[in-house]
Novice: 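This is the structure, below, for whatever I ask next.
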Amino acid sequence: MSKFCFVIHPLSLEDVVRYEPGARGKGQPIIAKILEWMPAYAAAHVVGVRTPDGRETEGWFVAAPLLPQQMLEFPRERVYERILKAIEIGVELGAEVAGLGAFTGVVGDGGVTIAERSPIPVTTGNSLTIAAGVRSLFRAANEMSIDAAGTTAVVVGATGSIGAACVELIAPRVAHVILVARNETRLRKFHERIREELPCTSSATTDIAEAVRRSDLVLTATTSTSEVIEPEDLRTGAVVCELSLPHDVSRRVAAERPDVLVVEGGNMRAPGDMHWWRVREPGTPFDMGLPQGTALACMSETMVLALENRCESYTLGRGIELAKVREIDALAERDGFSLADMRAFDLPITREHIARTRAAAEQRRAVSA
Ligand SMILES: NC(=O)c1ccc[n+]([C@@H]2O[C@H](COP(=O)([O-])OP(=O)(O)OC[C@H]3O[C@@H](n4cnc5c(N)ncnc54)[C@H](OP(=O)(O)O)[C@@H]3O)[C@@H](O)[C@H]2O)c1
C-alpha cells in the first residue's frame with residue numbers, strides 16, 4: 001500500500017504543549033515568537049492502520065508549527081513555504097500522498113497552490129470531513145429524538161469548501177436551511193446560484209446570532225479564530241455539530257446550556273490498531289487530544305487514499321463535488337473507518353449525558369410553554 005504524510009499545526013497553546021511538552025509554562029508571546037521561526041519537523045509516526053481485508057498503511061504527521069492566527073496573518077508565501085517544507089519531509093520519509101490539516105488546507109486557495117508546487121499529490125481531506133460532519137449532525141439529532149424533516153438547520157461558514165457541500169447534503173433532510181457567512185456579496189451570489197436546486201426552502205444572512213436563534217440544527221465550518229456560537233442564542237434542545245478547527249462554539253455552552261447537544265463532527269475511528277509514536281522520542285505516544293484509535297476525518301481521507309493506492313490530489317479548493325464526497329465516504333466505509341463515538345469539549349458524550357440533555361430540553365420546553 002502507499003504511504004502518507006499529514007501536515008498538522010497547533011490550534012492553540014494547549015496544542016503546542018501537547019506537541020512539545022517542554023513549552024509548558026512559557027507565555028503566549030514567547031511561544032508565538034518561537035513558532036514564527038521554528039522549521040517544519042516530523043512529529044509522529046502513524047502505524048497500525050489496517051483494513052478488514054488486511055491492507056495496511058503507515059504515515060507521518062509532519063508539523064508546520066504555526067498557530068491559526070499566524071497562518072492567516074503571515075505573508076502567504078512564507079506560510080506556503082513552511083507547509084511545502086513539511087510535505088518534503090514527509091516525502092523523504094516515504095510518503096506518496098499528503099493531507100493538509102486544519103488551516104494548512106484553508107490558507108490561500110485551499111490547497112490548490114500547495115498541490116501545484118508539491119512533489120506528491122495533496123488533499124485537504126474536506127470530502128470525508130463533509131460526509132462525517134453531516135452524518136454526525138443527524139446522528140446527534142436522532143439521539144435527541146428530533147424529527148429532522150420538520151426542522152430548520154443553519155450552516156455557519158456556508159460559502160466555504162466544507163460548508164457549501166454541507167448545505168447541499170443537509171437541505172434534502174430538513175424543512176429550511178439558513179446559510180451564514182461574513183462576506184455578504186459572496187454569500188448572496190452563492191445562495192442565488194444554489195437556491196433553485198435545493199429541495200427545501202432557504203435563506204441567507206450574515207447575522208449568526210439571528211440565524212442560530214431560528215435553528216434546531218447547527219453545523220459550524222468556519223475559519224474563525226474566536227468563538228461564534230454563543231449559549232444565549234441557541235434554541236431549546238438544539239443540536240450543534242462543530243467541524244471548525246479551532247473550535248468556534250463557545251466553551252460556555254457546556255456550562256450554561258445543559259439542554260443543548262454539541263458534538264465534534266469530524267472524528268473517525270480508524271480500522272486496525274492505530275498508534276501515533278513521537279518521532280523524536282521513539283516509543284512515546286504522540287498526543288493530539290483525541291482518544292486512542294480516533295483520527296480526524298481529514299486525516300482519515302488521506303489514509304484512505306493511501307490504502308486505496310489512490311495517490312491523487314483528491315480534494316482541493318472550494319466547490320467540492322458531492323460525487324467525490326460520496327465516493328470517499330464509501331471507500332472509507334469499505335476500509336473500516338466509521339464515525340467515532342460522540343465527543344464534545346474534549347470529553348466523551350455518554351448515554352447518561354444524552355439522557356440528561358434530553359431531560360433538560362424537555363424541562364426547559366415545559367417551563368416556557
Ligand atoms: N474536523 C475536521 O476533520 C476538519 C477537517 C478539515 C477542516 N476542518 C476545519 O473546517 C473549517 C472550515 O474549513 P474550510 O476548508 O471549509 O474553510 P474555507 O473554505 O475557508 O471556508 C470558511 C467559511 O467560514 C466563513 N467564516 C470565516 N470566519 C467566519 C466568522 N467569523 N463567522 C462566520 N463565518 C465565517 C467563511 O466565509 P466569510 O469569509 O464570508 O465569513 C467561509 O464560508 C476550518 O476551521 C478547518 O480547520 C475540520
Side-chain angles (χ1 to χ4, degrees), residues 6-12 15 66-69 71-72 99-112 114 123-137 154-167 178-191 204-212 218-230 233 241-250 263-268 270 288-290 294-303 314-320 325 328 332 337 339-340 343-344:
F6 187 82
V7 184
I8 59 170
H9 72 106
L11 301 174
S12 60
D15 268 357
L66 290 172
L67 291 162
Q69 200 69 36
M71 290 260 175
L72 296 180
L100 299 176
F103 276 37
T104 70
V106 165
V107 71
D109 50 14
V112 175
I114 298 283
T123 188
T124 57
N126 283 354
S127 295
L128 193 52
T129 302
I130 292 159
V134 173
R135 268 184 206 270
S136 293
L137 176 72
V154 60
V155 176
V156 187
T159 52
S161 167
I162 293 173
C166 287
V167 168
I178 309 176
L179 286 57
V180 174
R182 287 170 310 176
N183 183 316
E184 195 165 6
T185 311
R186 194 160 52 215
L187 177 65
R188 187 172 33 77
K189 282 191 178 153
F190 175 61
H191 186 219
T205 176
T206 54
D207 187 341
I208 301 183
E210 188 261 334
V212 170
V218 180
L219 183 138
T220 75
T222 77
T223 43
S224 174
T225 52
S226 56
E227 294 163 345
V228 297
I229 307 292
E230 302 295 344
D233 297 325
C241 174
E242 186 188 39
L243 282 175
S244 312
L245 291 174
H247 298 298
D248 60 0
V249 176
S250 166
V263 293
E264 289 170 10
N267 298 341
M268 302 201 80
M288 273 187 71
L290 288 169
T294 302
L296 295 175
C298 46
M299 293 170 179
S300 304
E301 174 169 320
T302 315
M303 294 175 192
Y314 194 82
T315 313
L316 292 174
R318 292 185 173 179
I320 293 176
V325 175
I328 198 79
F337 288 81
L339 273 192
R343 251 171 87 80

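Side chains are part of it too, since the values below use all heavy atoms of this structure and drop only hydrogens, waters and symmetry mates. Whatever order the structure lists them in is the order used to number ligands and atoms, beginning at 1. Computed from a prediction, not measured in an experiment: that's the story for all the values here.
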Novice: As an exercise, state the distance from CD1 of I8 to CG of L100, rounded to the nearest 0.5 Å.
Specialist: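 The CD1 atom of I8 sits 12.5 Å away from the CG atom of L100.
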
Novice: With sequence neighbours excluded, what pairs up with D248 under the salt bridge (Lys or Arg N to Asp or Glu O under 4.0 Å) test?
Specialist: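 By the salt bridge (Lys or Arg N to Asp or Glu O under 4.0 Å) rule, D248 matches no residue at all.
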
Novice: What do you reckon, is CZ of R135 surrounded by more than 12 foreign heavy atoms closer than 6.0 Å?
Specialist: no

Novice: Is the shortest heavy-atom distance from the side chain of L243 to the side chain of L219 under 4.5 Å?
Specialist: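 Sidechains of L219 and L243: in contact.
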
Novice: For ligand 1, list the protein residues that place a heavy atom within a distance below 4.0 Å of one of its atoms, sorted by chain and number.
Specialist: A102, F103, V106, N126, T129, G157, A158, T159, G160, S161, I162, A181, R182, N183, R186, I208, A221, T222, T223, S224, V228, L243, S244, L245, G266, L296, A297, C298, R318

Novice: Under the rule for salt bridge (Lys or Arg N to Asp or Glu O under 4.0 Å), what residues qualify as partners of E184, not counting sequence neighbours?
Specialist: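 With neighbours one apart ignored, the set is empty.
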
Novice: Which pairs count as salt bridge (Lys or Arg N to Asp or Glu O under 4.0 Å) when at least one residue sits in residues 156-167, sequence neighbours excluded?
Specialist: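 Non-adjacent pairs meeting salt bridge (Lys or Arg N to Asp or Glu O under 4.0 Å): zero.
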
